[in-house]
Amino acid sequence: MRYAVVLGEALVDLLEGECEGEPVYRRVIGGAPLNVAVGVARLGGTVEFAGSLGDDALADRIREFLTGAGVGQRGVVTVAAPTTLAVATFAGAEPDFRFYGEPPSYGLIDADALDADLVADAAVLYCGSIVLLRPPALAAARRAWALTGGLRVFDPNIRPRLLADEAAWDRQRAVVAEFAATAHLVKLSAADADALYGESPEQVAERLLALGAEVVVVTRGAAGALVAYGTGTVHVPAPVVDAVDATGAGDSVMAALIEGLLRDGSPADLAGWRDRVDFALRVAGLVCESPGGAASMPTRAEVTTRFP
């Protein structure tokens with residue numbers, strides 16, 4: 001059976017909102033990699049989540065959520081730590097996340113805890129996001145990256161608030177370069193590109209291709225996405241939607257691309273990648289029309305119904 005392994009963080013998001021005129025925080029299960037894993041499963045792909053969960057009631061709810069979404073948990077380990085909370089406020093196009101919980105429950109998986117057989121047999125391996133800022137989890141990701149016989153997919157998913165100084169930024173850039181150099185696919189946002197390098201999506205795509213990435217997709221919110229493959233690039237427009245919450249939209253793009261790799265393999269040309277990204281942006285558009293990140297990840301039937 002072809003399956004994907006998604007290695008990264010799972011946590012609980014507290015999303016800023018309003019109820020009867022009063023500010024409230026809505027609790028949702030999240031973490032970019034968890035969102036990706038749920039998105040792959042909802043679209044029909046077989047996926048296993050690999051990461052560390054805490055030992056509290058919130059971790060139990062994360063497990064229940066993964067089970068209900070059809071995400072396998074053979075790669076999950078339990079650690080003695082409370083579940084990390086991410087508090088999100090909205091003052092612009094991108095949510096501002098602040099993280100609470102030290103040590104973070106999501107970053108305590110290490111190389112020895114990695115299920116080597118699970119990773120080695122995966123058709124697709126995803127690594128990325130804030131879990132790579134934690135040395136034990138970074139070691140686990142490096143081991144997984146070396147072990148897998150499948151396609152390697154990477155998403156840096158930058159959170160500037162977790163990078164305290166220029167030395168931390170330099171370490172982040174070094175990790176991005178390390179994983180991108182042997183990645184089949186790198187997906188990042190225009191905000192990630194600007195934060196990392198202060199460059200345009202086109203310039204960053206060229207940079208990552210030069211490092212060794214085979215395909216680079218840069219999402220640009222309502223402006224769609226840039227796809228770079230070989231010597232060519234193409235801009236893919238986003239569908240027009242009635243957006244209410246962009247949480248998880250970028251993760252849904254990654255989920256759709258991974259599910260496409262599982263379903264039909266890797267496209268052979270830029271036109272094929274354009275079509276894949278076009279579908280992924282429809283998935284993201286539907287996610288934006290519902291609140292809730294992972295909870296709003298759609299099925300393939302829902303996407304084709306909304307965008308016939």
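Residues V77 and L114 do not share a hydrophobic cluster, defined by chaining ILVMFWY side chains whose heavy atoms lie under 4.5 Å apart. Both V217 and V6 belong to a common hydrophobic cluster when Ile, Leu, Val, Met, Phe, Trp and Tyr are linked at side-chain heavy-atom distances under 4.5 angstrom. When hydrophobic clusters are built by joining Ile, Leu, Val, Met, Phe, Trp and Tyr residues whose side-chain heavy atoms come closer than 4.5 Å, directly or via intermediates, Y197 is grouped together with V186. Residue L257 is not grouped with residue V216 when hydrophobic side chains (ILVMFWY) are merged at heavy-atom distances under 4.5 angstrom, including chains of intermediate members. Hydrophobic cluster membership differs between L261 and F154, with clusters built from Ile, Leu, Val, Met, Phe, Trp and Tyr side chains linked at under 4.5 angstrom.
R98 pairs by the salt bridge (charged side-chain N to carboxylate O under 4.0 Å, His left out) definition with nothing, not counting sequence neighbours. Partners of D110 under the side-chain hydrogen bond (donor to acceptor under 3.5 Å, both in side chains) rule, at least two apart in sequence or in another chain, do not exist in this structure.
Within the 3.5 Å criterion, the main-chain N or O of A88 finds no donor-acceptor partner in the side chain of E16. Put simply, the side chain of R2 gets close to the backbone of L262: a donor and an acceptor are under 3.5 Å apart. Distance alone, capped at 3.5 Å, places no donor-acceptor pair between the S290 side chain and the V287 backbone. Judged purely by atom type and a 3.5 angstrom limit, D56 uses its side chain to pair as donor or acceptor with the backbone of T83.
Closest of all the heavy-atom pairs between F307 and L286 is CE1-N, 4.1 Å. The minimum heavy-atom distance linking P237 with D278 is given by the pair O-OD1, 4.5 Å. The two residues L209 and A228 come nearest to each other via the heavy atoms CD1-CB, 3.7 Å. For R152 against A146, the heavy-atom pair with the smallest separation is NH2-O, 4.4 Å. Closest non-hydrogen pair, A222 versus A238, comes out as O-CB, 3.6 Å. Nearest heavy atom pair, residue K187 against residue P156, reads O-CD, 3.6 Å.
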Side chain to side chain contact (heavy atoms under 4.5 Å, CB included) evaluation trace for L196 with R207: CA-CA 12 Å; L196 280 167; R207 175 192 288 269; over 6 Å; no
L133/R159 under side chain to side chain contact (heavy atoms under 4.5 Å, CB included): CA gap, chis, key distance, verdict: CA-CA 10 Å; L133 298 175; R159 297 295 182 216; 6.0 Å; no
Evaluation steps, side chain to side chain contact (heavy atoms under 4.5 Å, CB included), between L7 and V119: CA-CA 9 Å; L7 190 156; V119 170; 5.6 Å; no
Side chain to side chain contact (heavy atoms under 4.5 Å, CB included) between W169 and I158, worked out: CA-CA 10 Å; W169 279 100; I158 304 302; 3.8 Å; yes
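Residues E289 and R306 meet the side-chain proximity criterion, which asks for heavy atoms closer than 4.5 Å. For the pair V12 and Y100, the minimum side-chain heavy-atom distance is 4.5 Å or more. A 4.5 Å side-chain heavy-atom check between R276 and V215 finds every atom pair outside the cut-off. Within the 4.5 Å cutoff, the side chain of V234 has no heavy atoms near those of the Y229 side chain.
Here L281 contributes atom CG and T219 contributes atom OG1; the two are 8.0 Å apart, rounded to the nearest 0.5 Å. Taking CD from E102 and OG1 from T84, the interatomic distance works out to 8.5 Å, rounded to the nearest 0.5 Å. Considering CZ of R27 and CG of L14, their distance stands at 8.5 Å, rounded to 0.5 Å. Rounded to the nearest 0.5 angstrom, R300 CZ and R282 CZ are separated by 11.0 Å. Within the model, atoms CG of L151 and CD of E214 stand 8.0 Å from one another, a figure rounded to the nearest 0.5 Å. To the nearest 0.5 angstrom, S252 atom OG is 12.5 Å from E259 atom CD.
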List, one per line, each side-chain donor-acceptor pair under 3.5 Å for residues 124-132, sequence neighbours excluded.
unit_1 : atom_1 : unit_2 : atom_2 : d
S129   : OG     : E9     : OE2    : 2.5
S129   : OG     : N157   : ND2    : 2.7

Expected list for residues 28-54: side-chain donor-acceptor pairs under 3.5 angstrom, two or more places apart:
unit_1 : atom_1 : unit_2 : atom_2 : d
N35    : OD1    : A294   : N      : 3.4
N35    : ND2    : D251   : OD2    : 2.8
R42    : NH1    : A294   : O      : 3.4
R42    : NH1    : M297   : O      : 2.9
E48    : OE1    : Q73    : N      : 3.2
E48    : OE1    : R74    : N      : 3.0
E48    : OE2    : R74    : NE     : 3.3
S52    : OG     : S105   : O      : 2.5
S52    : OG     : Y106   : O      : 3.0
S52    : OG     : L108   : N      : 3.2
S52    : OG     : I109   : N      : 3.3

Donor-acceptor pairs under 3.5 angstrom involving side-chain atoms of residues 58-65: please list them, not counting sequence neighbours.
unit_1 : atom_1 : unit_2 : atom_2 : d
R63    : NH2    : T78    : OG1    : 2.4

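For residues 136-146, the pairs satisfying side-chain hydrogen bond (donor to acceptor under 3.5 Å, both in side chains) are R142-E178, W145-T182, with sequence neighbours left out.
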